[in-house]
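Written out below as structure tokens is the structure these notes cover.
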Amino acid sequence: MDTMIASDPSNSVALLAWYDRHARRLPWRIGPQRRRDGERPDPYRVWLSEIMLQQTTVAAVGPYFDRFVTRWPGVADLAAAETDHVMQEWAGLGYYSRARNLKRCAEIVASEHGGRFPETSDELATLPGIGPYTAAAIAAIAFDEPAPVVDGNVERVVTRLYRIETPLPKAKTEVRARVAGITPETRPGCFAQAMMDLGATICTPKRPTCALCPVNESCAAHAEGDPERFPVKAPKKEKPTRTGTAYVAVRADGAVLLRRRAEKGLLGGMAEVPNEGWATKSGGEEAEGPPLRADWVRLPAPVRHTFTHFHLVLDVYRARVGREIAAPADAWWSAPDRLDGEALPAVMRKVVASALEG
DNA sequence: TATTCGTGGGA
DNA sequence: TTCCCAAGAAT
């Protein structure tokens with residue numbers, strides 16, 4: 001039996017009323033009250049936040065968002081920025097292709113759209129880094145287009161509302177159709193954010209607080225008493241473990257030897273200490289060995305790090321060298337006061353830290 | 001359709 | 001410790 005809130009418009013009304021009282025206050029939002037006064041948020045800030053929030057928690061994004069909008073207040077500023085500087089500011093946030101696409105997108109908006117974001121989801125979806133979700137989200141939130149906004153939160157809420165047994169990601173089509181069916185013509189931006197806030201604060205993955213849910217009376221999973229069973233997900237495959245070796249050369253003045261990774265692939269375009277052996281699945285391609293002739297000492301504990309699809313165990317070697325030692329081609333010495341500003345991903349910061357402690 | 005792409009926090 | 005997962009996109 002279908003308990004469709006599409007046939008019950010008061011349900012989206014109930015959700016919006018809940019949102020008016022419980023909306024999360026976030027730096028890239030304007031509150032429900034200002035929205036109802038006809039105001040809309042800055043599309044640049046909406047876009048930037050949506051890119052950063054892809055597969056990333058609100059808590060993690062917060063400080064990055066603040067630093068970005070302070071340094072680059074508008075899309076034209078970001079378009080004019082050095083890509084290296086963008087990568088440095090993004091370092092630690094992960095999924096670094098987002099940063100490269102962010103820069104490309106800013107350049108296109110600046111040069112081909114007169115510095116203004118397109119206002120429809122279809123146009124937005126043609127821009128780099130903007131897929132189905134982000135296009136719909138920006139269109140709804142910044143321009144009040146009634147586009148179906150489907151993220152992980154909405155998938156959870158909707159699969160529970162309708163007790164969708166089809167496992168994700170196969171159920172995505174059905175979920176999107178359901179969302180399209182319940183998205184209101186009025187306040188679609190608030191509706192989208194309300195659905196996401198509901199998923200983030202009430203309709204949580206574990207132990208949802210259905211008693212506080214504004215739409216619990218039309219929720220099929222709640223009626224059955226098994227909301228936590230949804231969404232059903234396809235089994236995930238286990239992560240293999242790769243092993244490799246990293247070399248931390250420390251100059252007498254404390255400078256550390258760094259180099260730049262290739263533009264494409266894992267950690268593309270980011271900085272790293274010289275390392276080898278873990279790039280491919282098979283591992284153990286030709287061993288280059290250490291980047292300098294020096295007295296290398298292996299640290300007692302390897303560095304462990306887990307990526308999306310594999311575990312990494314990195315043996316770390318350290319060598320202390322004189323200040324007269326030149327950096328190899330394509331590498332550079334990074335002074336202690338500049339290390340924080342380098343585009344070092346988290347795994348490389350771990351490696352450097354372990355070598356400087358020990 | 002399936003794989004690749006990060007990270008940190010919480011259970 | 002280990003697993004899960006958080007406002008997905010590109011290929």
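From a predicted model like this one, the values you see are computed outputs, not experimental measurements. Note on naming: letters A, B, ... go to the chains in the order of the sequence lines (proteins, then strands), and numbering restarts at 1 for each one.
Only the P atoms considered, C:dA6 is 22 Å distant from B:dC5, to the nearest whole Å. Going from the P atom of C:dT11 to that of B:dG6 covers 14 Å, rounded to whole Å.
Comparing atom distances between the A:Tyr133 side chain and each of C:dG8, B:dG6, C:dA6 picks out C:dG8 as nearest. Listed candidates were B:dG6, C:dC5, C:dG8. Nearest to the side chain of A:Lys233 is C:dC5. Checking C:dC4, B:dC5, C:dA9 against the side-chain heavy atoms of A:Lys236 singles out C:dC4 as nearest. Candidate nucleotides B:dT7, B:dC5, C:dG8 were compared by shortest atom distance to the side chain of A:Val347, and B:dT7 ranks first.
Taking a cutoff of 4.0 Å between a charged side-chain nitrogen and a carboxylate oxygen, A:Glu228 and A:Arg207 do not qualify as a salt bridge. Under 4.0 Å is where a charged nitrogen must lie from a carboxylate oxygen, and between A:Arg320 and A:Asp295 no such pair does. By the 4.0 Å N-to-carboxylate-O rule, A:Asp20 lies close enough to A:Arg187 to be salt-bridged with it. Note on A:Arg229 versus A:Asp226: salt bridge recorded, some NZ/NE/NH1/NH2 to OD/OE distance being below 4.0 Å. Note on A:Asp151 versus A:Arg156: no salt bridge recorded, every NZ/NE/NH1/NH2 to OD/OE distance being 4.0 Å or above.
Using modelled atom types, one finds a donor on one side chain and an acceptor on the other under 3.5 Å when comparing A:Glu342 with A:Ser334. No side-chain N or O of A:Tyr133 forms a donor-acceptor pair with one of A:Gln54 less than 3.5 Å apart.
Atom pair A:Leu168:CG and C:dC5:C1' shows a separation of 13 Å (rounding to whole Å applied). B:dG6 atom C1' lies 10 Å from atom CD of A:Gln55, rounded to whole Å. Counting to the nearest Å, the P atom of C:dA10 and the CG atom of A:Leu266 are 18 Å from each other. Here C:dA9 presents its P atom at 9 Å from CD1 of A:Ile138, a figure rounded to the nearest Å. Rounded to an integer number of Å, the gap from A:Ile51 CD1 to B:dC5 C1' is 15 Å. A straight line from NE2 of A:His311 to C1' of C:dC4 spans 12 Å, rounded to a whole angstrom. In this structure, A:Trp90 atom CH2 and B:dT7 atom P are separated by 13 Å, rounded to whole Å. Put simply, CE on A:Met270 is 9 Å from P on B:dG6, counting in whole angstrom units.
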Identify all pairs in which a protein N or O lies below 3.5 Å from an N or O of nucleotides 8-11 of chain B, and state each distance.
none

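Residue A:Arg156 is classed as a sugar-phosphate contact, given heavy-atom separations below 4.0 Å to backbone atoms only. At the heavy-atom level, A:Leu102 lies nowhere under 4.0 Å from the strands shown. A:Gly268 comes within contact range of no nucleotide atom at all, as no heavy-atom separation falls under 4.0 Å. Contact annotation for A:Pro169: no contact, since no heavy-atom pair falls under 4.0 Å across all strands.
Dashed line: the shortest gap from a side-chain N or O of A:His309 to OP1 or OP2 of B:dT4 is not under 4.0 Å.
Comparing A:Lys237 and A:Thr56 by the nucleotide of DNA chain B that holds the closest heavy atom to each, the one mapping nearer the 5' end is A:Lys237. Along DNA chain C, the nucleotide nearest to A:Asn101 and the one nearest to A:Arg29 differ in position, and the one closer to the 5' end is contacted by A:Arg29. Nearest-nucleotide assignment on DNA chain C puts the 5′-proximal partner with A:Trp28, out of A:Trp28 and A:Ile130.
Heavy atoms from other residues, nucleotides or ligands lying under 6.0 Å from NZ of A:Lys239 number more than 12.
For A:Thr134 against C:dG8, no side-chain N or O and base N or O form a donor-acceptor pair under 3.5 Å. If you check distances only, the side chain of A:Tyr95 does reach the base of B:dG6 with a donor-acceptor pair under 3.5 Å.
Between A:Trp278 and A:Phe307, the two ring planes are parallel [angle under 30°; tilted spans 30° to 60°].
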